[in-house]
Amino acid sequence: MPKTATPGPALPWPGPAPAPAQLHRIALVDVNSFYVSCERAFDPALAGIPVVVLSNNDGCVVARSDEAKALGIKTGEPWFKLADAAPRLGLVQRSSNYELYGDLSSRVMELLGRYALWQEVYSIDESFLGLAGTAAELDAQGADIRAAVARHTGLPVCVGIGTTKTLAKFANRIAKQNKHLGGVCNLDTMDPDVVETIMSRVPVTGLWGVGAKLGKRLHALGIRSVADLKAADPALIRSRFSVTLQRTVLELNGTSCLPLEEERADRQQLIFSRSFSAPVTTAAEMRQVMSIYAQQAAARLEREGQHARVLTAYAGTSHFSQKAASFPSVTVRLQSPTSDPVVLTRAAVGALEDSIVEGVPYTKAGVMLSGLSDAGAQPVFDEFVSAHEHRHLGELLGKVADKYGAASIGLGLAGLSSAKPDWTMSRKFSSPRYTTEWEELPVVKAC
DNA sequence: AGGACAAAG
DNA sequence: TCTTCTTTGTCCT
């Protein structure tokens with residue numbers, strides 16, 4: 001209740017109620033168990049049962065439903081350790097279906113943007129939103145957002161509202177963990193004593209930016225809970241730890257230190273890296289890998305209108321094998337910044353040529369492009385541009401791939417689906433690409 | 001400037 | 001036989 005400081009003439013009763021304060025707040029909206037929820041949105045049979053989504057090559061668990069969490073399944077758990085017990089547990093697994101998740105993500109983000117003064121898309125399933133209104137109106141907006149996302153996409157979200165990004169993140173966590181809040185936690189309308197109690201119970205590692213290592217070091221100073229960190233001296237935290245953690249302390253106390261991140265077009269580097277489903281043991285196969293990875297990387301550069309000046313090609317053996325480890329990595333400076341698939345492919349294949357030992361079982365490889373610049377930012381000396389670059393091959397390949405699919409065209413063996421090598425990613429439990437492929441649209445039967 | 005490390009999702 | 005991938009930031013050299 002706002003105080004009225006100056007005693008003025010007596011208001012007639014009933015007088016106009018004092019206008020509640022208009023607040024500007026930050027909301028963090030996050031889809032619950034995003035990948036699992038995407039799978040469930042198109043397969044009702046998955047509702048209410050333990051479900052996990054697996055990483056590339058069906059290697060390990062990357063997302064779990066609440067029921068799977070209740071079974072004690074951890075993120076990162078290798079699928080081969082769960083596979084045998086799965087039927088007995090009633091556990092259902094899905095391969096990652098990034099086409100589906102990416103498409104649903106953009107639908108959710110577009111929807112969220114309609115409810116906000118500003119929006120920062122933070123990850124595939126999270127967005128910061130700028131909201132304004134009275135404390136009660138903010139509660140209502142949170143509920144509206146939840147309902148709208150559920151209605152339009154079938155996905156469950158939680159909304160955390162606070163004065164800073166860190167507090168909004170924290171509130172979101174509270175909303176997720178306390179079902180009775182109905183998926184919305186607004187720190188303004190919560191009893192301050194309750195907030196304090198919760199902060200003293202949540203371990204400091206539950207905060208955004210505080211992982212296991214930092215948690216251990218904080219523990220040594222007697223800082224165990226969120227409340228402990230909130231009460232810590234920011235200057236001490238700065239000197240013993242980092243500016244990042246100091247900002248966390250300030251943000252917990254309501255001082256915004258983390259600005260709205262602008263959409264940054266000038267990305268620093270681009271990596272295309274994958275583990276193989278079966279080890280690659282020959283130089284010939286590795287050349288093929290490099291060729292395909294370099295083309296993927298080139299296609300992304302092209303799409304984003306950037307050029308690279310430096311290319312690094314690398315490969316590696318398994319970290320889990322007892323045998324001799326080998327991690328060859330070669331960096332080459334390109335003659336001029338380019339996104340040309342022929343130049344990049346040649347560079348990647350050539351780079352590892354002398355480093356690959358025949359017979360060594362490589363389990364992963366990658367192509368990293370750095371020294372990135374906007375295409376056309378600086379004019380390139382014509383003498384340095386190869387003939388085919390003038391023909392804009394990358395652009396052409398991109399157009400063909402857009403029209404006929406990624407597997408329709410490529411240099412060398414890339415694009416020849418009939419010649420699919422046996423190291424390519426395996427996704428044995430994938431759901432259909434319901435929303436991005438005509439052939440895989442869900443079929444609805446009405447009686 | 002660039003590598004090691006930490007963190008996040 | 002089976003253990004993700006990508007990006008960002010800080011600190012240190």
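Just so we're on the same page: letters track the sequence lines, and every chain starts at 1.
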Checklist line | Qualifying salt bridge (charged side-chain N to carboxylate O under 4.0 Å, His left out) pairs with a residue from residues 166-185 of chain A, counting only residues at least two apart or across chains | finding: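 Residue pairs passing salt bridge (charged side-chain N to carboxylate O under 4.0 Å, His left out), neighbours aside: A/Asp30-A/Lys176, A/Asp66-A/Lys179, A/Glu126-A/Lys169.
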Item checked: Pairs meeting criterion salt bridge (charged side-chain N to carboxylate O under 4.0 Å, His left out) with involvement of residues 329-338 of chain A, two or more places apart ->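 Counting only pairs at least two positions apart or across chains, no salt bridge (charged side-chain N to carboxylate O under 4.0 Å, His left out) contact touches residues 329-338 of chain A.
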Rounded to the nearest Å, what distance is computed from the [atom1] atom of residue [X] to the [atom2] atom of nucleotide [N]?
{"X": "A/Glu120", "N": "C/dT8", "atom1": "CD", "atom2": "P", "answer": "12 Å"}
{"X": "A/Arg309", "N": "B/dA1", "atom1": "CZ", "atom2": "P", "answer": "15 Å"}
{"X": "A/Arg427", "N": "C/dC5", "atom1": "CZ", "atom2": "P", "answer": "13 Å"}
{"X": "A/Arg247", "N": "C/dG9", "atom1": "CZ", "atom2": "P", "answer": "10 Å"}
{"X": "A/Phe272", "N": "C/dC5", "atom1": "CZ", "atom2": "P", "answer": "10 Å"}
{"X": "A/Gln296", "N": "C/dC5", "atom1": "CD", "atom2": "C1'", "answer": "14 Å"}
{"X": "A/Phe276", "N": "C/dC5", "atom1": "CZ", "atom2": "C1'", "answer": "14 Å"}
{"X": "A/Asp58", "N": "C/dC5", "atom1": "CG", "atom2": "C1'", "answer": "15 Å"}

Item checked: A/Gln119 side, atom CD; A/Leu129 side, atom CG - distance, nearest 0.5 Å ->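 Reported value, rounded in 0.5 Å steps: 5.5 Å.
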Checklist line | Partners passing side-chain contact (heavy atoms from CB on, under 4.5 Å) against A/Ala365 (at least two apart in sequence or in another chain) | finding: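 A/Phe276, A/Met286, A/Val289, A/Met290, A/Tyr293, A/Ala315.
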Please report, to 0.1 Å, the donor-acceptor pairs under 3.5 Å made by any side chain of residues 203-219 of chain A, with sequence neighbours excluded.
unit_1	atom_1	unit_2	atom_2	d
A/Trp208	NE1	A/Tyr122	OH	3.0
A/Arg217	NH2	A/Arg240	O	3.0
A/His219	NE2	A/Arg224	NE	3.0

Please tabulate, for side-chain N and O atoms in residues 76-89 of chain A, each donor-acceptor pair with protein atoms closer than 3.5 Å (sequence neighbours left out).
unit_1	atom_1	unit_2	atom_2	d
A/Glu77	OE1	A/Lys74	N	2.9

Note to self: As a test of reading the structure: which of C/dT8, C/dT6, C/dT10 is closest to the side chain of A/Gln269, going by heavy atoms?
What the structure shows: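 The answer is C/dT8.
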Item checked: For A/Arg107, all residues meeting side-chain hydrogen bond (donor to acceptor under 3.5 Å, both in side chains), sequence neighbours excluded ->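 Counting only residues at least two positions away or on another chain, A/Arg107 forms a side-chain hydrogen bond (donor to acceptor under 3.5 Å, both in side chains) with A/Asp103.
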Next item on the list: Using the test side-chain hydrogen bond (donor to acceptor under 3.5 Å, both in side chains), find all partners of A/Asp139 that sit at least two apart in sequence or belong to another chain.
Entry: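 Expected list: A/Asn186, A/Thr189.
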Next item on the list: Could you check which residues of residues 65-82 of chain A get a heavy atom under 4.0 Å from DNA chain C? Sort them by number, please.
Entry: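 Heavy-atom contacts with DNA chain C come from A/Pro78, A/Phe80.
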Check: A/Val62 or A/Val243: which one's nearest nucleotide on DNA chain C is closer to the 5' end?
Finding: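 The residue closer to the strand's 5' end, by nearest nucleotide, is A/Val62.
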Next item on the list: Between A/Cys60 and A/Thr244, name the one whose nearest nucleotide on DNA chain C is closer to the 5' end.
Entry: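 Here A/Cys60 is the residue nearer the 5' end.
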Next item on the list: Search all heavy atoms of A/Pro341 against all heavy atoms of A/Ala298 and return the closest pair with its distance.
Entry: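 Minimum heavy-atom separation between A/Pro341 and A/Ala298: CA-CB, 3.8 Å.
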Margin query: With a 4.5 Å cut-off on side-chain heavy atoms, are A/Gln269 and A/Leu369 touching?
Written below: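 The answer is no, as the side chains (C-beta and beyond) never meet within the 4.5 Å cut-off.
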Next item on the list: Check whether any side-chain nitrogen or oxygen of A/Ser275 sits under 4.0 Å from OP1 or OP2 of C/dT3, and answer yes or no.
Entry: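 Answer is no, no contact under 4.0 Å.
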Next item on the list: Could you tell me whether A/Arg217 contacts a base, only the sugar-phosphate backbone, or nothing, with contacts defined as non-hydrogen atoms closer than 4.0 Å?
Entry: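 Touches nothing.
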Next item on the list: Select base, sugar-phosphate, or nothing to describe what A/Tyr98 touches, counting heavy atoms under 4.0 Å on all strands.
Entry: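 Answer is nothing: A/Tyr98 stays at 4.0 Å or more from every strand.
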Check: Could you write nucleotides 4-9 of chain B as a row of B, S and -, 5' to 3', where a protein heavy atom under 4.0 Å of any base atom gives B, of only sugar-phosphate atoms gives S, and otherwise -?
Finding: --SSSS
Check: Looking only at atom C1', what distance separates B/dA7 and C/dT4, rounded to whole Å?
Finding: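 To the nearest whole Å, 16 Å.
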